[in-house]
Number of protein chains: 2
Amino acid sequence: MQIVKKRATLKTQVYDYLKESIIMGGLKPGERLIEEKISEELQVSRSPIREAIRMLEKDGLLLVNSSGGVTVVEPSIQDFQHLYECRVEMEPLAAFYAAERRTQEQIELIRINLLQIGKILETNDIKKVHDANVNFHETIISASANPFLVSMISHLRGVNSFYRKSIIEENPLHIEHAMHDHQQIFQAIVHQEPEKARQLMKAHIESDYIQFMKLSSKSRED
Amino acid sequence: MQIVKKRATLKTQVYDYLKESIIMGGLKPGERLIEEKISEELQVSRSPIREAIRMLEKDGLLLVNSSGGVTVVEPSIQDFQHLYECRVEMEPLAAFYAAERRTQEQIELIRINLLQIGKILETNDIKKVHDANVNFHETIISASANPFLVSMISHLRGVNSFYRKSIIEENPLHIEHAMHDHQQIFQAIVHQEPEKARQLMKAHIESDYIQFMKLSSKSRED
DNA sequence: TAGAGATAAATTGTATACAGTCGACGAAAT
DNA sequence: ATTTCGTCGACTGTATACAATTTATCTCTA
């Protein structure tokens, strides 16, 4: 383990900053990024900025149009459908391997996470509940101990976060329901029941998807 | 559809060149890339090279070590195992959606591809057989009409190609077997039987995996 | 007024210069 | 001989300058 943190390079910092901005909504879908503007804003030359942009492009968060300009992606309903078609297979797969390979520490991490969610629920702090939920999923994914799976799912979840800010997670009923799912998935992982973990996770993601489709069709009626 | 090809920028050309070199083996696993060297070799400044490197890094083909230098990834047997754990779920998923969504043109593409393989087989040109096989898979993946699936699988297949150059595909029995699988998968897609296509593809990839594991364990004994 | 060119402004693409960092090599000290 | 510092060379990181393109603006014409 490295004790002294490696000095972060500018390109890394710019990358993190832009990614955060996109996911948190500071940069809106469809918005164009101007290298010079970012350069002024962050007091950094264009070189590291351009490298960060190339990375975000590969992450699927930025889109280059034919004439070189880059814009924040604008996921369509169709995109979300495609996203879920992937998530609904891959996260259960991660749960499967997590059940096989999880370490004792990882079990503890999840246990603590679940306890936290319980407490946070009482405070009604939606943002924190959401973060804790994301944390639950990420811990399981990383417990799958498959780097490809980890990277692909985090890619999906990155794009996914465009809608995560929306109302879905604020639906109290949905949260209760999710909590219950999480508990069950946790048990399957603790007891090393891969197939069960997979199926529970699949049902969980599917219910998330249905929830999303309901809300998005409702918002289109408005 | 854009008729006139967008003038390729240098960063794109460098990216393509390096990617090709890595996949084709001109750049060997573990080999370090020196920006200045590439710059001289291609007569291009370091700026576009650096951008290309950032992209290849995200593709999982290059690895940055802690002190900044980049090297070509050296996939371990474990990596291939992880790779297959993903492929064995995702390519069948692609076959599933391909069976649902394939267009008439795509069916024709696959049909032609299968005919070609038949002819090429007689000539014993291993390289061409291999290319045609890759083509078969790629057509199906793109027929799934899910951009996330397409991008993730092509990512996997990119890394996968490190071993594709090996003997596996040169095993004549394996080729015959693969041909048979391909025919069946094609039929399922033509008749729009998603679940059947999925299962056939799964069996197909699994047999590929078993083949690979056999060969790799054999080569370790040598 | 709409449209076609012609300019100018904005923005990206590429090259180059220079600063900072890491590692190898070697000399001095023990 | 081994260790410890320097020092030098090789690279990478970042800034800046300039070229090439694209986009906006303006003017002229029909």
Side-chain angles (χ1 to χ4, degrees), chain A residues 1-19 21-22 26-74, chain B residues 1-19 21-22 26-74:
Chain A
M1 178 72 101
Q2 199 160 348
I3 305 294
V4 184
K5 228 179 277 181
K6 189 186 66 177
R7 193 184 66 84
T9 61
L10 286 185
K11 70 165 180 289
T12 308
Q13 294 181 61
V14 172
Y15 171 79
D16 289 341
Y17 169 79
L18 290 177
K19 188 167 183 175
S21 298
I22 294 169
L27 290 168
K28 304 242 181 301
E31 185 171 345
R32 180 167 177 188
L33 272 69
I34 308 294
E35 294 171 9
E36 191 65 35
K37 294 271 168 58
I38 302 168
S39 166
E40 266 174 47
E41 187 183 338
L42 304 183
Q43 290 297 309
V44 159
S45 83
R46 280 174 53 217
S47 311
I49 293 174
R50 285 180 65 83
E51 295 184 38
I53 287 176
R54 294 292 88 79
M55 294 193 282
L56 290 162
E57 189 187 322
K58 280 284 175 187
D59 282 347
L61 292 178
L62 293 181
L63 195 69
V64 293
N65 63 45
S66 50
S67 60
V70 299
T71 56
V72 179
V73 290
E74 300 181 83
Chain B
M1 176 79 96
Q2 198 159 347
I3 306 294
V4 184
K5 228 178 277 183
K6 186 184 67 175
R7 191 185 71 84
T9 61
L10 286 185
K11 70 165 179 288
T12 309
Q13 294 181 60
V14 172
Y15 171 80
D16 289 342
Y17 169 79
L18 290 177
K19 187 167 183 176
S21 298
I22 293 168
L27 291 168
K28 306 243 179 299
E31 186 171 345
R32 179 165 176 190
L33 273 69
I34 308 294
E35 294 170 8
E36 191 67 34
K37 293 274 167 57
I38 301 169
S39 167
E40 266 175 47
E41 187 184 337
L42 304 183
Q43 291 296 309
V44 159
S45 83
R46 280 174 54 215
S47 311
I49 293 175
R50 286 180 64 83
E51 295 184 39
I53 287 177
R54 295 291 88 79
M55 294 194 280
L56 290 162
E57 192 186 321
K58 280 284 175 189
D59 282 347
L61 293 177
L62 293 181
L63 195 70
V64 292
N65 64 46
S66 50
S67 61
V70 298
T71 56
V72 179
V73 290
E74 301 180 83

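Basis for what follows: all heavy atoms, side chains included, without hydrogens, waters or symmetry-related copies. In what follows, chains are A, B, ... by sequence order, proteins preceding strands, each numbered from 1.
- In the region residues 35-55 of chain A, proximity to DNA chain D at under 4.0 angstrom, judged on heavy atoms, holds for A:V44, A:S45, A:R46, A:S47, A:P48.
- The distance from the CG atom of B:L62 to the CD1 atom of B:I22 is 4.0 Å, given to the nearest 0.5 Å.
- Taking the side chain as every heavy atom from C-beta outward, A:L63 and A:V72 never approach each other to under 4.5 Å.
- With sequence neighbours excluded, the residues that form a side-chain contact (heavy atoms from CB on, under 4.5 Å) with B:Y17 are B:S21, B:E41, B:L42.
- Neither OP1 nor OP2 of C:dT12 sits under 4.0 Å from any side-chain N or O of B:T9.
- In this structure, the helix from C:dT1-D:dA30 to C:dT30-D:dA1 shows an angle of 10° between the axis at its start and the axis at its end, each fitted on 5 base pairs and rounded to 10°.
- Between B:K11 and the phosphate of C:dT14, there is no side-chain N or O to OP1/OP2 separation shorter than 4.0 Å.
- Proximity note for B:I34 (side chain, C-beta onward) versus D:dC11, C:dT14, D:dT23: the nearest is D:dC11.
- Checking the phosphate oxygens (OP1, OP2) of C:dA10, no side-chain nitrogen or oxygen of A:R32 falls inside 4.0 Å.
- Partner of B:V70 under the side-chain contact (heavy atoms from CB on, under 4.5 Å) criterion, out of B:R54, B:R50, B:R32: B:R54 alone.
- Residues satisfying the salt bridge (charged side-chain N to carboxylate O under 4.0 Å, His left out) criterion with B:K11, sequence neighbours excluded, are absent altogether.
- Put simply, CG on B:N65 is 19 Å from P on D:dA10, counting in whole angstrom units.
- Applying the side chain to side chain donor-acceptor pair (under 3.5 Å) criterion to B:S45, with sequence neighbours excluded, gives no partner residue.
- At a threshold of 4.5 Å between non-hydrogen side-chain atoms, the residues A:V64 and A:I53 do not count as touching.
- When the side-chain contact (heavy atoms from CB on, under 4.5 Å) test is applied to A:E36, the partners found at least two apart in sequence or on another chain are A:I34, A:E40, A:R46.
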